[in-house]
Amino acid sequence: MAFISSGYDPEKPMEGRITDIGPKHYDQFYPEVIKKNKGKWSHHEILEPGVLVHVAENGDEVFTVRCGGARLMSSTHVQEICDIADKHCDGKLRFTTRNNIEFMTDSKDKMEALKADLAQRKFPGGSYKFPIGGTGAGISNIVHTQGWIHCHTPATDASGTVKATMDEVFSDFQDMRLPAKLKISMACCLNMCGAVHCSDIAILGYHRKPPILDHEYLDKVCEVPLAVASCPTAAIKPAKVELPSGDTVSSVAVRNERCMYCGNCYTMCPSMPLSDKEGDGIVLMAGGKVSNRISAPKFSKVVVAFLPNETPRWPSMTNAINKMIEEYAKGARKYERFGDWTDRIGWERFFDVCELDFTHHLIDDFRDAAYQSWRQTTQFKF
Amino acid sequence: MAFISSGYDPEKPMEGRITDIGPKHYDQFYPEVIKKNKGKWSHHEILEPGVLVHVAENGDEVFTVRCGGARLMSSTHVQEICDIADKHCDGKLRFTTRNNIEFMTDSKDKMEALKADLAQRKFPGGSYKFPIGGTGAGISNIVHTQGWIHCHTPATDASGTVKATMDEVFSDFQDMRLPAKLKISMACCLNMCGAVHCSDIAILGYHRKPPILDHEYLDKVCEVPLAVASCPTAAIKPAKVELPSGDTVSSVAVRNERCMYCGNCYTMCPSMPLSDKEGDGIVLMAGGKVSNRISAPKFSKVVVAFLPNETPRWPSMTNAINKMIEEYAKGARKYERFGDWTDRIGWERFFDVCELDFTHHLIDDFRDAAYQSWRQTTQFKF
Amino acid sequence: MAKHETPLLDELESGPWPSFVSDIKQEAEVRAKNEKGIDFQIPAEACDDLLGLLELSYKDGTTHWKHGGIVGVFGYGGGIIGRYSDKPAEFPGCASFHTVRVAQPGAKYYTTKYLRELMDLWQFRGSGLTNMHGSTGDIVLLGTTTPQLEEIFYTLTHEMDQDLGGSGSNLRTPADCIGQSRCEYACYDTQELCYFLTMMYQDELHRPAFPYKFKFKFDGCPNGCVASMARSDLSFIGTWKDQIQVDQAEVAKYVDGTNPANAGSHKGRDWGAFDIQAEVVDLCPTDCMAYENGELKIYDKECTRCMHCINVMPKALKVGKQRGVSILAGAKAPIVDGAQMGTLVVPFLEIDQTMNKQLADFDSEEEWMEYLEEKYEALTEVIESVWDYWMEEGKNRERLGELMIRQGLQKFLEKINVEPQAVHVDHPRTNPYIFWKEDEVEGGWDRDINEYRKHHAR
Amino acid sequence: MAKHETPLLDELESGPWPSFVSDIKQEAEVRAKNEKGIDFQIPAEACDDLLGLLELSYKDGTTHWKHGGIVGVFGYGGGIIGRYSDKPAEFPGCASFHTVRVAQPGAKYYTTKYLRELMDLWQFRGSGLTNMHGSTGDIVLLGTTTPQLEEIFYTLTHEMDQDLGGSGSNLRTPADCIGQSRCEYACYDTQELCYFLTMMYQDELHRPAFPYKFKFKFDGCPNGCVASMARSDLSFIGTWKDQIQVDQAEVAKYVDGTNPANAGSHKGRDWGAFDIQAEVVDLCPTDCMAYENGELKIYDKECTRCMHCINVMPKALKVGKQRGVSILAGAKAPIVDGAQMGTLVVPFLEIDQTMNKQLADFDSEEEWMEYLEEKYEALTEVIESVWDYWMEEGKNRERLGELMIRQGLQKFLEKINVEPQAVHVDHPRTNPYIFWKEDEVEGGWDRDINEYRKHHAR
């Protein structure tokens, strides 16, 4: 391959440089019916799973077909999306916050043709390219992070755990039988690029071994004070270390028993890697929400302290998720979000019905505020 | 007066010494009907304010007349109580946790005679000696601490604030018109010998000036490390101080802006007094409870950050208490405790209806857990 | 004739509530007249001077009491609180004004004979003023001088068979609710347990060996009338494991208005006719009840024993028969690290309902105590493991609850040999900052950087 | 023909959900065949090697990516994330695999023309793999080499009128919900505000000047579809101050079953006939509704605008007309001090409903921006005072929420000139540890020990 210049001249980087122009203006990208009726929508209805109609005050309608997508998408795949939008939607489309693709048309007929087209597109391995669903009282797409595909701190893979989970809960992606919407999120380490801490169900990659210290290189590639300051539990302190060579170098020491393996030090200092096949795996959390509907937003709670990385399909993880969803579907009331259900029946009953073990790991012991999560009443269920 | 020996010989303190014998056994003190039916009570009823009947499985009845009392009582007053018990109750009586006196009889007739006797006993100043009441959905006696009458750290008086308050709410001591019981407690400083932190309404003495430092004496009468360690906000550190005499002494320095005047240092070190006429006064708290009924126990919240010590009757304080009680009586539902009412209507509505000012002092800023009391939802009332 | 003018205090003589001012004046007058001819062992004008000193506080808005200094009786580390005025010259009658804590009897039942003896002693050797009772529960005798302390203790122990209560860094005098003596809700005998533990731990009560104070309180049921959950390091609250006992005929009498709701506690207002759906079923926090076809159904499996329905219909509903205690730990007032509510640490410890012998059934109190040691063995094991832990790890002046926060609930449970259960928390942790023990993690934590670098280039 | 065997990954090709493995293989094949004759500027086998590397991770259970090192485009402090493999020899096609963050358009609406241009660029100068979209909202172009970065930036800015997004200690690319463009609940124009602030703060977005990252997110209503309350340092959530608009005729159609409840979201199960009492009135968190005689009554004074009733009956109930935003501050994921939810700091900031001119109404974007600066002046004042405070007091890598906890909410409110109100808290403080300012206390704090001792003997 030969280098082809865009027109940029590295000798004169400022010449004709364009900066600070921001994103494209949204106006250019709106479908016509959207542009015309913006701010004048009257109501909407989910016609069937994945298919919505929004009705404007003047009676205009826009039909939306929502499809799931792996957030990791090839250019070829995006081009196929464009082909579909060109064919059915006047060359317009959008993505949702949860990585779904939305195709919009202004008539029911076009919408039916669109649906038929989408439904028949599959990858050679058999998976749908554009499964229709993700609306209403069902399970939408999983927002997630990079995992092993592109990140330096993950404790598990993101795309793989998500694929395994979505395959398992696929019928609920295409149905609306649950008491309320159920949002699953995935983050491959505690840093939570994808903030999963307020999800109905969260899959979280978790390390369980303190960092390995690459003393020989540490002081060369890291700033020791930054590594020390990065630790939320003050487990790291500066140290002089004698190498096998006999040389003494500046490095750090870690009090392993105070480490909770967050990897924040490794983010600051590459000489403190912590990933490990046996140490790394999955934490499951549940019961969070961000909507203000009925109850205030709430954090997810840790419900499974650890599951190993059973590649490629993480069966223990998907089984636990499945069980939680089934019990939720069975036990919750109409409109009741997952966390409102658990709060109503009590967490002891949740662990019972979901057949999950309650272990010491699930008791909060992080700083003073932990105490507020302990049981401070005689009210409990046997 | 001449010293009269009890028989104790200071030269031989161990001779015939009796120790570790504990309290009297309760059995000796039970009224007969109590002893007979202990563990076999079937149910009870409040016949009228201050008068209860308990019915045993075998049909036995015990009638109880409950009277308020100042917890500060003279021996002469206690002897009068004994006279009453001898006359009506076979020489038995009891006190309640809230400093009420309970006279018990086993027949309705005796109970009526007892009531009549109690009601006519008054102090020369006009106050009742034995007001009957304190039951059911009314206001019971106020538990309280020593205050100016006997304590070295109070920020207000206890007996006086309690007398002023009970006079004001006296009709609710003798009535049962409230939605639920209402418990008022009083502690004369943050140390809370009387733990008032879970009361429907709490009166709390509060200092607002950092300690005065008696440098010349401090190191002689205090242990500096204990004084330093006593501070919850780390506002105290050891210091060398030059006296007017030119001598340098070991003492402490206080970062005034970090002090919240708890007096814990003064408890450890008498050279750090903090009481002050203008600085000292009253904090009002509300909405706590200790019962597990319906809702879990909860802490009281600070609702008035400061009221001055308006001796002898603290009218601003009693007005605020009165207003809270009236709004509670008006707004709460049957069985709803004060704090359950405020939680239901929202604290912003509480401040509205009680016409209390919300000031910056009422926002929690003590350590990390403070954050959990901040509003973390878009749900609020205008 | 009063010794001091007290215009401010005099204003507290009016109004309906018993006036402490009138009462102190009454005692001052008794002492001044001394009709009984008592040979007062502390100044006769103690009460007069106390009023004068208090009037001064009302005038200048501050206290006039100083730190106590260390006074006490030989061999005990508590029970006496020293107190001195900072105006000894002006008010000599109360210049020294120490407090004596006398251990109160269970549920504060008294005979007049006992009280009269005690009051006679206190008029003779003290100011004649008391607190009936102190915040922790003791009888508090207010105001005496140092030379009287051993005399008082001698008389108490030799003539009244009565000991002092606790103060300082030791076990404070335990206190109980009225319990089964007169309450149908009580799930265990609070007086028995309170007395048993008080006697069992006399040494801990009198001789400070703890990091700080320690309180037991005993509530017979979750109504919590002695507030044990808010005020005691270890709180024992009666509860049950089986079904609420329902008498449907009595339920019907509530529904038709024959029985007054909540034992008549709402008689002061017309709340309208009793509505079992609104007042009982709909207020159940677990939604575990239904009223259908004249029958009240309770799905006890979901019940959390909050007492509301039983409180509302005490003739119809009774606590269950399989009874015991929930133990909560760590409650305290705000100083130093903020207030704490008790945390549920032992959800249910059954008390053998067949072991119901009383003191009268034994030849001696010792035999009865042995019997109780067996009856409450599981419970004293918990107490002693809590103390072992706290004495081992607690810092000076660190309350149990503060230690629990500092080291975590799981550590506490480990130390008292209780398996962590979901009922130990209101909800599981929201932060995923999970600590693992090295032996829980396959392969351990010891790893070799060179081995790692074989598979991961720098 | 795949370059590497990937037996583990191959198992992720089956099942109904779109397989990212199949998709990467598809791109690998496109690159291998190169039917379009692209002169790939990074290795053609990038996708092949990525699959091989990922298979290795599936086998050995760890990542094979290293820290990025500092790469970027001239003059910007963010927008590019460096990434290198720790197996460069075995998988040279993805040895360097940097990420380019491209600022996404409002609500992620696109034309195919735009997307095709971008994908063409990315197949040419990158791996052809993307994230549609990253967690913060950007279009994420995955996998290119250092020499391509300036080239990509040049083409984006010169040919596509498109800028990079944010990364590092600066303003991250703001993101919005679909808003008024297609949602009847939206109380303000999220796209307009998001775009306006993004353009207003381009400098803050591209040049790190903050203690740490900073996020804006825009939710049109309290349903919170972009989760701004959980994920953004400043969260702008639409709300209203007046009454919910009620169409009783449409209410009746919900009651009789003509209109599907909750816009049809529960069609997958037979929940029985719609019950307005049980499904709306009884679920209202403030109990501010009643359904009587065929009429729905709302006592708006007690309403807290939770959206439930509106969500259930969107044809009958509409948000109010006096609209604006609630601003919440400090949300973040757990690292370092634990997760935080946004705290309500500005309860209601009204947005002038008459200022509704659009870009098309102006001659230039500049004029429109000036108009918006006026429209949103009160809002940018809040933002800038927050930043001033944070930049002044925040420590390195301290998120706004952590600063708020460290210094207290009252300090924060003082700095942004907002009067403390009861709605700022869920409940007032439970600890009475109240700090006073010296000038709030009569007589000040400066006192003389000798003066004190005149009235209080030692």
Side-chain angles (χ1 to χ4, degrees), chain A residues 6 8 13 18 20-24 26 29 34 38-39 41 43 45-46 70-78 82 85-86 91 94-95 97 123 125 127 136-137 148 152 154 159 163 166-167 170 175-177 192-195 197-198 232 270 275 277 290-294 297 309 311-312 334, chain D residues 8 11-13 15-20 22-23 27 30 57-58 61-63 65 67 74 103 105-106 108-109 112 119 122-123 128 131-132 135 150-151 154-155 157 163 180-181 184 191 198-199 202 222-224 226-227 229-231 263-266 268-269 271 307-308 314-315 333 336 339:
Chain A
S6 60
Y8 171 73
I18 298 173
D20 300 300
I21 56 174
K24 305 286 277 186
Y26 47 85
F29 288 166
I34 293 292
K38 182 173 174 182
W41 295 103
H43 59 273
E45 185 181 337
I46 305 170
R71 95 163 185 166
L72 178 77
M73 281 179 191
S74 73
S75 295
T76 302
H77 190 67
V78 174
C82 292
D86 284 341
R94 73 177 289 268
F95 291 83
T97 304
F123 284 111
S127 66
W148 290 331
H152 64 298
S159 303
K163 163 72 174 155
M166 285 309 295
D167 280 345
F170 189 74
D175 197 358
M176 305 192 293
R177 57 137 193 165
M192 291 195 193
C193 297
H197 56 296
C198 301
S275 73
K277 182 169 190 160
V290 289
S291 164
N292 292 279
R293 184 175 183 173
I294 304 180
N309 277 323
T311 60
K334 193 176 178 186
Chain D
L8 291 168
E11 289 192 45
L12 289 171
E13 291 204 78
W17 188 252
S19 169
F20 71 100
S22 299
D23 195 8
E27 193 69 14
V30 164
S57 285
Y58 270 63
T62 67
T63 190
W65 297 102
H67 266 70
F74 190 79
K108 305 189 183 79
Y109 283 96
T112 55
M119 294 304 117
W122 194 240
Q123 285 182 320
N131 287 153
M132 296 298 285
S135 295
E150 287 287 359
E151 308 300 323
Y154 189 94
T155 302
T157 51
D163 207 339
Q180 295 182 328
S181 71
E184 66 269 27
Q191 268 105 77
T198 305
M199 297 311 289
Q202 279 290 297
N223 280 328
V226 292
M229 269 195 67
R231 305 200 299 154
S265 65
H266 287 74
R269 197 198 295 193
W271 291 93
M307 296 296 297
H308 175 67
K315 284 182 94 159
V336 184

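Throughout, a chain's letter reflects where its sequence line sits, starting with A, and its residues are numbered from 1. This is a predicted model, so every value here is computed, not measured. Computed from heavy atoms alone, side chains included, the values below leave out hydrogens, waters and symmetry copies.
Without hydrogens or angle criteria, D:D163 side chain to A:D20 main chain gives a donor-acceptor distance under 3.5 Å. In this structure, A:R94 contributes its side chain and D:Y109 its backbone to no donor-acceptor pair below 3.5 Å. No donor-acceptor pair closer than 3.5 Å links the side chain of A:R71 to the backbone N or O of A:S159. D:E151 contributes a side-chain N or O that, together with a main-chain N or O of A:S6, makes up a donor-acceptor pair within less than 3.5 Å.
Each of D:T157, D:T155, D:N131 has some count of heavy-atom pairs under 4.5 Å with chain A, and the biggest count is that of D:N131. Highest contact tally toward chain D, considering only A:A70, A:A137, A:A195, is held by A:A137 [criterion: heavy-atom pairs under 4.5 Å]. Heavy-atom pairs under 4.5 Å with chain A peak, among D:P105, D:G264, D:P222, D:A103, at D:P222. Between chain A and the options D:A333, D:G106, D:P314, D:G224, heavy-atom pairs under 4.5 Å are most frequent for D:A333. Of the listed residues (D:T63, D:D23, D:V30), the greatest number of heavy-atom pairs within a distance under 4.5 Å of chain A belongs to D:D23. Top candidate by heavy-atom pairs under 4.5 Å with chain D, chosen from A:G22, A:S291, A:P232, is A:G22. The choice from A:W41, A:Y26, A:W148 that makes the most heavy-atom pairs within less than 4.5 Å of chain D is A:W148. For chain D, the option among A:G136, A:S75, A:C193 with the highest count of heavy-atom pairs below 4.5 Å is A:S75. Counting heavy-atom pairs under 4.5 Å between each of A:V290, A:N309, A:D167 and chain D puts A:D167 at the top. In terms of heavy-atom pairs under 4.5 Å with chain A, the best-connected choice from D:Y154, D:W17, D:W65 is D:W17. Interface check for chain A: of the options D:L12, D:L8, D:V336, the most heavy-atom pairs under 4.5 Å are formed by D:L12. In terms of non-hydrogen atom pairs under 4.5 Å with chain D, the most contact-rich of A:G125, A:C198, A:P154 is A:G125.
A 4.5 Å side-chain heavy-atom check between A:F123 and A:H77 finds at least one atom pair inside the cut-off. Residues D:T62 and D:S57 are not in side-chain contact: their nearest non-hydrogen atoms beyond the backbone lie 4.5 Å or more apart. Counting only heavy atoms from C-beta outward, the side chains of A:Y8 and A:P13 approach each other to under 4.5 Å.
Remark: the D:Q191 side chain and the D:Q180 side chain contain no N/O donor-acceptor pair separated by less than 3.5 Å. One side chain, D:S22 or D:E13, offers a donor N or O that lies under 3.5 Å from an acceptor on the other.
Interface residue A:H197: only side-chain heavy atoms are found under 4.5 Å from chain D. Residue contact with chain D, scored on non-hydrogen atoms closer than 4.5 Å, involves the backbone and the side chain of A:P270 alike. At a 4.5 Å heavy-atom cutoff, the contact between D:V226 and chain A is made by backbone and side-chain atoms alike. Using a 4.5 Å cut-off between heavy atoms, A:F170 touches chain D through its side chain atoms alone. Both the backbone and the side chain of D:M132 have a heavy atom closer than 4.5 Å to some heavy atom of chain A.
Legend: residues meeting salt bridge (Lys or Arg N to Asp or Glu O under 4.0 Å) with A:K24, ordered by chain and number and at least two apart, are absent. With sequence neighbours excluded, no residue satisfies salt bridge (Lys or Arg N to Asp or Glu O under 4.0 Å) with A:D175.
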